[in-house]
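First the structure, in the form of C-alpha cells, and then the observations on it.
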Amino acid sequence: MEKLLIVDDDEGIQKQLKWSLSNYQTIFAANRQAAINALRLHEPKVVLLDLGLPPDTANASEGLKTLEEIIALAPFTKVVVITGNDDHRVALQAVANGAYDFYQKPLDADVINVIVDRANNVSSIEKENRIIRELAGVDSGIIGSSDVMENLRTRIKRIAPTEITALLLGESGTGKEVVANAIHKLSNRKKKPFVAINCASIPDTLLESELFGFEKGAFTGAHRTTKGKIEMAQGGTLFLDEIGDMPFNLQAKLLRFLQERVIERIGGRAEIPVDVRVVCATNQNLEAMVAEKTFREDLYYRISEMVFSIPPLKDREFDVLILAQYFLLQYAKDYNVRVQGFSDSAANALKIYHWPGNIRELQNKIKSAVIMATTGQVSADDLGFEDVDENASPLELNLRAVRERAESGAVSKAYALADGNMSRTAELLGVTRPTLYALVEKYSMQLKSQEA
C-alpha cells in the first residue's frame, strides 16, 4: 500500500481524508516541523498539503513555507495543495512554487482520489525513468556501480576528448562495443558517425573492400564506386571489433592508414585523406599472437596507445543485479507486461551463476524471463535456472535499501576522517550541516560532535 502524507491541523479533515483515501497508508502531520519529520521518515511519493497551517491558519504563509521545504528536501515528491481560500491566486502561487496540483475545499472523495491517484502514477513513471537513466549512465551508457566499472568510466572520460587510439580487451559479450560507443559519445566527434565493423564476421576476401571501398570496375560485380567503412566514418569514430581476426596481409594496409591517415580504394590510384578516431577490440591475446608472428608487432603498438581491460560479468560484484534490473524495466516496457523485479531465489541465481556468455547471455535470459513471468516478480524458474540454493544469503535488489546503506556508510567514513568534527564531515560529504544532521537522524546513527 502506497504511503500518503497529509499535512492538515483539522482533525475532522484528517478523518475525512483517511476515510476517502482508504487505498493509501495515510500519515498525518499538523504543522510544518511534523510534516518535514514525516517526509524524511516515510519518503511518500505524494503529499496533501493544507496551506492554512498553524500558527498562521488564516493565511497561506506557513503552508507555502512548508511547500518550499518539502520541494527542497524531496524535489520529486508530488505535492497537492488544499486550500479553503476562494482566491485562486494563492493556489496558483503554490503551483508556481513547485506544487503538482491544487484542490479547493470542500472535499469530494471521488475527485480527491482521482487527483491523488494521478499524482502517484506520474511519480511512479518518473521514478522508473530516473532509474533507467541512472542505471544507463546518462553520460556514457556504461551500466554498473562496481569499482572496476567506475574506474573504467573515469578512464574513458579522461581519454575521450583526445585522439589517442584505444584497444579494448575482454571476453565476448562483455560490452566492448558499448565502451567504444561511450568513448565516441564523450569525444569531440560525438556529432559525427560511429561506424563499427566486425573483422571476424566478414570473409577475408571481402574485408578489404568493406574497409577501404572500391572503384567502379575494380573487380567483377563492382558496378559502381563504393565507399568503405573507413570513409563512412569521416570525422567520427571507427570501431574495429575482433581485430585479432584480421588477415595478416591486410594488417599492413591498415597500419599505413593509421600512420598516414590516407587510404586508397581497391582499383584506385588516388590517395584519399580520412580524419577518423580509431578504437579496436579483441578477445584474443595479441601479445601472444605477436610472438607467434600471426599479428604484426608494429600494428599492435600502433593500436594499443591506451589499453582497457573490460572484466567479465562474474567479476563485477553486484553489477549483474543492476544490469538485470535495467534489462527487466526495458523489456517490461517493450512487451507491455507488469513485471517489476526479481524474487530472492532469482536474485541469488543471478549472482551465483558464472555467466560464460557475459552481458549478452544475461540480456537474453532477462528477455525470455520477462515474457515467461506469470507474476510481478521474475522467479529462478522464469530465468531457466535449476537447483538454486534457497539457503544462500538473499541479495539486496531494493534500490532504496542499497542507497541507504551507501549513504550511512559514507557518513560514517567521513565522520571518522573528520575526527568527529561535524562541520568538516559535512564538507567532506559535500552537504550542508542540516542535511548531515538529517541523515544522522534518518539512519539513527550514534555520532557525537567533537566540536566545542
Side-chain angles (χ1 to χ4, degrees), residues 140-144 149 152-153 155-156 159-160 163-187 189-190 192-213 227-258 263 274 276-290 294-296 299-313 316 323 355-364:
S140 66
I142 298 175
I143 302 169
M149 298 311 288
L152 179 63
R153 269 193 291 266
R155 294 181 66 203
I156 287 172
I159 69 107
E163 291 299 308
I164 197 168
T165 302
L167 175 62
L168 313 178
L169 304 177
E171 296 177 5
S172 178
T174 51
K176 295 188 286 295
E177 185 166 346
V178 172
V179 173
N181 218 324
I183 293 173
H184 173 71
K185 288 179 179 178
L186 295 173
S187 75
R189 299 174 177 269
K190 60 185 177 182
K192 297 294 183 178
F194 174 83
V195 178
I197 183 169
N198 189 313
C199 300
S201 64
I202 301 172
D204 294 355
T205 52
L206 297 179
L207 183 57
E208 182 177 5
S209 61
E210 281 290 314
L211 280 172
F212 295 93
K227 290 182 179 181
K229 297 291 188 182
I230 296 175
E231 276 188 88
M232 291 171 63
Q234 179 71 275
T237 302
L238 175 69
F239 176 50
L240 298 174
D241 197 7
E242 303 302 349
I243 194 171
D245 291 278
M246 179 173 285
F248 194 83
N249 61 339
L250 188 54
Q251 293 175 23
K253 191 169 182 178
L254 177 65
L255 177 63
R256 181 173 182 272
F257 154 66
L258 291 173
I263 64 166
V274 182
V276 298
R277 167 74 168 285
V278 177
V279 179
C280 302
T282 184
N283 61 6
Q284 301 191 50
N285 186 336
L286 291 187
E287 290 184 337
M289 294 179 67
V290 168
T294 56
F295 196 87
R296 292 183 63 104
L299 178 59
Y300 170 70
Y301 289 117
R302 186 64 186 79
I303 64 175
S304 59
E305 292 176 330
M306 179 65 69
V307 178
F308 293 88
S309 294
I310 304 174
L313 184 56
R316 298 188 194 178
L323 282 159
W355 299 108
N358 291 293
I359 298 173
R360 190 176 294 117
E361 182 182 8
L362 172 66
Q363 190 171 3
N364 290 338

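All figures in this text were calculated on a predicted structure; none of them were measured in a lab.
- Inter-residue side-chain proximity for V274 and F257 is flagged as met; some heavy-atom pair is nearer than 4.5 Å.
- A distance of 10.0 Å separates OG of S304 from CD1 of I243, quoted to the nearest 0.5 Å.
- For R277 and T165, the side-chain atoms include no donor-acceptor pair closer than 3.5 Å.
- Side-chain contact check for L286 versus I303: some heavy-atom pair is nearer than 4.5 Å.
- In this structure, the side chain of N358 does not engage the main chain of R360 through any donor-acceptor pair within 3.5 Å.
- Closest heavy-atom contact between I230 and F212: CD1-CE2, 3.7 Å.
- Around the NZ atom of K253, the shell of radius 6.0 Å holds more than 12 heavy atoms that belong to other residues, nucleotides or ligands.
- Counting all heavy atoms, side chain and backbone alike, A180 lies closest to F239 at CB-CD1, 3.5 Å.
- Of the possible donor and acceptor atoms, one in the side chain of K176 sits under 3.5 Å from a partner among the backbone N and O of G170.
- Using a 4.5 Å cut-off on side-chain heavy atoms (C-beta onward), L238 and V279 make no contact.
- Of all the heavy atoms in M149 and P311, the pair that sits closest is SD-CG, 4.2 Å.
- Residues S201 and E242 form no side-chain contact, since every pair of their non-hydrogen atoms from C-beta on lies 4.5 Å or further apart.
- Side-chain contact annotation: D245 with Q284, donor-acceptor N/O pair under 3.5 Å present.
- The aromatic rings of F194 and H184 sit tilted, their planes meeting at an angle between 30° and 60°.
- Residue Y301 places its OH atom among 12 or fewer non-hydrogen atoms of other residues, nucleotides or ligands, all under 6.0 Å distant.
- Inter-residue side-chain proximity for K190 and L186 is flagged as unmet; no heavy-atom pair is nearer than 4.5 Å.
- A 4.5 Å side-chain heavy-atom check between V276 and T237 finds every atom pair outside the cut-off.
- In this structure, the separation between CZ on R316 and CG on L313 is 6.0 Å, given to the nearest 0.5 Å.
- Atom-to-atom distance recorded for C199:SG and E210:CD is 10.5 Å, nearest 0.5 angstrom.
- Not one N or O on the side chain of S309 forms a donor-acceptor pair closer than 3.5 Å with the backbone of L169.
- Going from atom CD1 of I310 over to atom CG of N283 covers 11.0 Å, rounded to the nearest 0.5 Å.
- Using a 4.0 Å cut-off between charged nitrogen and carboxylate oxygen, R189 and E163 count as a salt-bridge pair.
- A 4.5 Å side-chain heavy-atom check between P247 and L207 finds at least one atom pair inside the cut-off.
- One N or O on the side chain of R153 and one on the backbone of G144 form a donor-acceptor pair closer than 3.5 Å.
- Side-chain contact check for P356 versus E171: every heavy-atom pair is 4.5 Å or farther apart.
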